[in-house]
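Predicted model only: the values in this text are computed from it and were never measured. Chain identifiers are assigned alphabetically (A, B, ...) following the order of the sequence lines, protein sequences preceding nucleic acid strands; residue numbering begins at 1 within each chain.
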There are 4 protein chains.
Amino acid sequence: MTIKNQKEKDILEAAVKVFSRNGYHSSKMQEIADQASVGKGTLYEYFKGKSHLFEEMMVYCMDKYIDELKNGINKSKNIEDILMDIARFHGKFLKDHLDMVQTFMNNTTNISDDIRCKAFAHRELLINTITSYIEEAKESGSIRKDIDEKVCAMTLFGTLNQFYTNKIYIEKEEFQDIDPYPIVDIILNGIK
Amino acid sequence: MTIKNQKEKDILEAAVKVFSRNGYHSSKMQEIADQASVGKGTLYEYFKGKSHLFEEMMVYCMDKYIDELKNGINKSKNIEDILMDIARFHGKFLKDHLDMVQTFMNNTTNISDDIRCKAFAHRELLINTITSYIEEAKESGSIRKDIDEKVCAMTLFGTLNQFYTNKIYIEKEEFQDIDPYPIVDIILNGIK
Amino acid sequence: MTIKNQKEKDILEAAVKVFSRNGYHSSKMQEIADQASVGKGTLYEYFKGKSHLFEEMMVYCMDKYIDELKNGINKSKNIEDILMDIARFHGKFLKDHLDMVQTFMNNTTNISDDIRCKAFAHRELLINTITSYIEEAKESGSIRKDIDEKVCAMTLFGTLNQFYTNKIYIEKEEFQDIDPYPIVDIILNGIK
Amino acid sequence: MTIKNQKEKDILEAAVKVFSRNGYHSSKMQEIADQASVGKGTLYEYFKGKSHLFEEMMVYCMDKYIDELKNGINKSKNIEDILMDIARFHGKFLKDHLDMVQTFMNNTTNISDDIRCKAFAHRELLINTITSYIEEAKESGSIRKDIDEKVCAMTLFGTLNQFYTNKIYIEKEEFQDIDPYPIVDIILNGIK
DNA sequence: CATGAATGAGGCTTCATTCAT
DNA sequence: TATGAATGAAGCCTCATTCAT
């Protein structure tokens, strides 16, 4: 997907906001149109329908996440710094784009099989990006050889989501105040 | 919630199946009624409405999960065995009640604020149950004193979900074939 | 209609209360059953269905009204006393059976054509009863010979309803405090 | 309420027809849409829901009645002419807008308390308009000083409704053939 | 006789999508 | 290209009625 023009981007940003606020089914095309300051019909000039808009929004979010992740991580660092970077990046990304990420993370079930599949594929892509960092660290020798890098990425990713979701929704903490070190510590050193 | 009679249980089991298949919004009361082999009106004899049925189903799932978890874990074992037990239990529970757990794990966004809150509260309860196991292990000295047991529980829980979700939806593996040891290994020993 | 037994009467009295409170469509069979302290199914032992129960209730009310009217009016009195008697009786009947009369008066439109016709027929019967009093008074010479007794009855009846409805619903007056003399005065003496 | 455009008016006119035919509860939104030759959804573009449409229709009828009443009565006439004018107007209005008036007059019970209150308030407004005519006649000396003008208005109004309802539904007379003089005669001169 | 659990037809309402302007 | 008025399919829920006990 290439963003054709500013209006398409406006609609995507509006979609991110609205879908994030309400989830897929509770979001109305009218609300997205209002948020984007365009007419309802205009949405259909740029996107085939609601589910298409949702998918495009997911891709848009994904790209943004991965782009920013790539720019935010300094590969030369050691594994501990990399994990902390990823964790902090995840936190910062949540802080800046909370709505996007939450939408992306949570909208897996209450949508059609088709969209659900695409969502999983996107999530996979994201995990693969993290996996590649682990892989490099493994090759450089800073982590054990017998670690499956994908399992490791999933551990990190799943934990971060669980952790931040909890902090946000249950403990109502501010992002800047959340210290991801306990998680990184467990992943690095184990609990034993 | 106490289950008054068999029909109420039938409806709950049907609700679990249908909500799990389609998520909250895509599930139709008619479909749940069909699945339970009762008339549509009968649902309303037992539950005030769709959202009420969903909530009751969540509680029903939670209770089942926690009950079975408590029965499935032998507390006298060492921490490694406990983690493997929890992991295997999670896997077995997914195998037996895949639909329930997935519904419970994923329906967080596309629902009303009210239901979402309850869902988070239930998830919290579940994590607390796992936390208590970690706590005991910590007290018995089998894990480091500086570990936050809740962070540890979240790490385990988030990872297991991520891991199994991936195995099921992406890699299409059978539950009995999934070995959770790599995850337990990371959590126990770290990746370094 | 002859009232078979006490239970049938209980149901009719309950129907009067409930239909009066809520009108035809907002009254539920369950509520009538509760009010009569019988099971919902029992209603159908005595009445074919809701509309049948409504009709029977109307007849029951009508009979009660006419019976009480006949007993309450002393025919030997002069026309002024008769009109005041009818007015006061209407007032007292409203006081004692407000619910019945209001139901009877107002449920003309929001019901099926069939029931509506019966309601009109009942209303006609009621007006005819009043008409007969006017007729006697006309024959006894206490009112003008050129008065159409039915128009007179309708004037009285229509006015009383308008008057009492207004007092009850708009001015919230108590029945015993309502003096119908102004109406009787107008009908007797005119406004000129 | 200001009528925004022709379509809103079409819907209101359709609502008048349908509600009049069937009453509130037996009228279906689909039937109103069909009568107005619009889609069912269009009703909801103009009115929040069924009860809102009903209320707006009542106001629409009221305004129409009062407007036409004000234009149809020549205030300079004596009281007899005024009463005959009001009676004939009521008859003509019934002839032209039978459905509206009947709906307005009869839908008092089978509706929610909220709507019922509004209906009473509207009826009150209508009676007040008639009252004002009586008041003027009283001030001009053409009727007795001891007449309560509101009681008089209610007498006229209640009687006309009773009278015309009877003629239409029981005697099936045509409007143009109904002579309201007998009523006016009673009100003017009394029955004595 | 009496009951009330079970039923399903029917209606209000929502909202994604279309299309004339 | 941009719009938003119009649409109608679809779903939740109510409640009169039935019937097994």
Side-chain angles (χ1 to χ4, degrees), chain A residues 4-5 7-8 11 24-34 36-54, chain B residues 4-8 10-11 25-34 36-53, chain C residues 4-5 7-8 11 24-34 36-54, chain D residues 4-5 7-8 10-11 25-34 36-54:
Chain A
K4 289 168 225 151
N5 59 28
K7 188 157 291 192
E8 181 165 352
I11 293 173
Y24 182 76
H25 282 94
S26 300
S27 297
K28 320 300 172 201
M29 292 300 267
Q30 182 64 67
E31 193 180 352
I32 295 170
D34 292 347
S37 302
V38 300
K40 202 176 5 168
T42 306
L43 301 184
Y44 291 85
E45 296 290 325
Y46 291 89
F47 304 94
K48 265 176 290 182
K50 188 182 181 182
S51 69
H52 181 239
L53 175 54
F54 184 74
Chain B
K4 288 166 226 149
N5 60 27
Q6 188 54 39
K7 188 147 293 192
E8 181 165 351
D10 290 346
I11 293 172
H25 282 94
S26 300
S27 296
K28 319 303 172 198
M29 292 301 267
Q30 182 63 67
E31 193 181 351
I32 295 171
D34 291 347
S37 301
V38 298
K40 197 175 14 163
T42 305
L43 301 184
Y44 293 87
E45 294 288 324
Y46 292 88
F47 303 94
K48 264 175 291 182
K50 189 181 182 182
S51 69
H52 182 238
L53 175 55
Chain C
K4 287 169 229 149
N5 60 27
K7 190 156 285 191
E8 181 164 352
I11 293 173
Y24 182 76
H25 281 94
S26 298
S27 296
K28 319 302 175 201
M29 292 302 267
Q30 182 65 67
E31 194 181 351
I32 295 170
D34 291 347
S37 301
V38 298
K40 204 174 9 165
T42 306
L43 301 184
Y44 291 85
E45 295 289 326
Y46 291 89
F47 303 94
K48 265 176 288 182
K50 188 182 183 184
S51 69
H52 181 240
L53 175 55
F54 184 73
Chain D
K4 286 168 226 148
N5 59 28
K7 188 149 292 192
E8 182 165 352
D10 290 347
I11 293 173
H25 282 94
S26 300
S27 296
K28 320 299 173 201
M29 292 302 265
Q30 184 62 68
E31 192 180 353
I32 295 170
D34 291 347
S37 300
V38 299
K40 202 173 12 166
T42 305
L43 301 184
Y44 292 86
E45 293 288 323
Y46 292 89
F47 303 94
K48 264 174 290 182
K50 188 181 182 182
S51 70
H52 181 238
L53 176 54
F54 184 74

| Heavy-atom closest pair, residues A/K48 and A/H52 | N-ND1, 3.0 Å
| request: Grab the CG-P distance between B/L43 and E/dG8 for me, whole Å please. | output: 12 Å
| To the nearest angstrom, how far is A/I32 atom CD1 from E/dC15 atom P? | 12 Å
Taking atom [atom1] of [X] and atom [atom2] of [Y], what is their separation to the nearest 0.5 Å?
X	Y	atom1	atom2	answer
B/K28	B/H25	NZ	NE2	9.0 Å
C/E8	C/T42	CD	OG1	12.5 Å
A/I11	A/K7	CD1	NZ	7.5 Å

| Span of DNA chain F, from the first to the last nucleotide whose atoms fall under 4.0 Å of chain C heavy atoms | F/dC15 to F/dT18
| task | Please work out the stems of DNA chain E from pairs that are Watson-Crick or G-U wobble with both distances under 3.5 Å, keeping only runs of three or more consecutive pairs. | result | E:2-21 with F:2-21
| request: Take A/L43 and A/I32, measure what side chain to side chain contact (heavy atoms under 4.5 Å, CB included) needs, and give me the verdict at the end. | output: CA-CA 8 Å; A/L43 301 184; A/I32 295 170; 4.3 Å; yes
| query | Residues in side chain to side chain contact (heavy atoms under 4.5 Å, CB included) with C/K50, at least two apart? | reply | C/F19, C/Y24, C/M29
Close N or O pairs between protein and nucleotides 12-14 of chain E (under 3.5 Å):
residue, atom, partner, partner atom, Å
E/dC12, OP1, D/S27, O, 3.3
E/dC12, OP1, D/K50, NZ, 2.9
E/dC12, OP2, D/M29, N, 3.0
E/dT13, OP2, D/Y44, OH, 3.0
E/dT13, OP2, D/K50, N, 2.9
E/dT13, O4, D/K40, NZ, 2.9

| message | Looking at E/dA2, I'd like to know if its phosphate oxygens (OP1 or OP2) sit under 4.0 Å from a side-chain N or O belonging to C/Y46. | response | yes
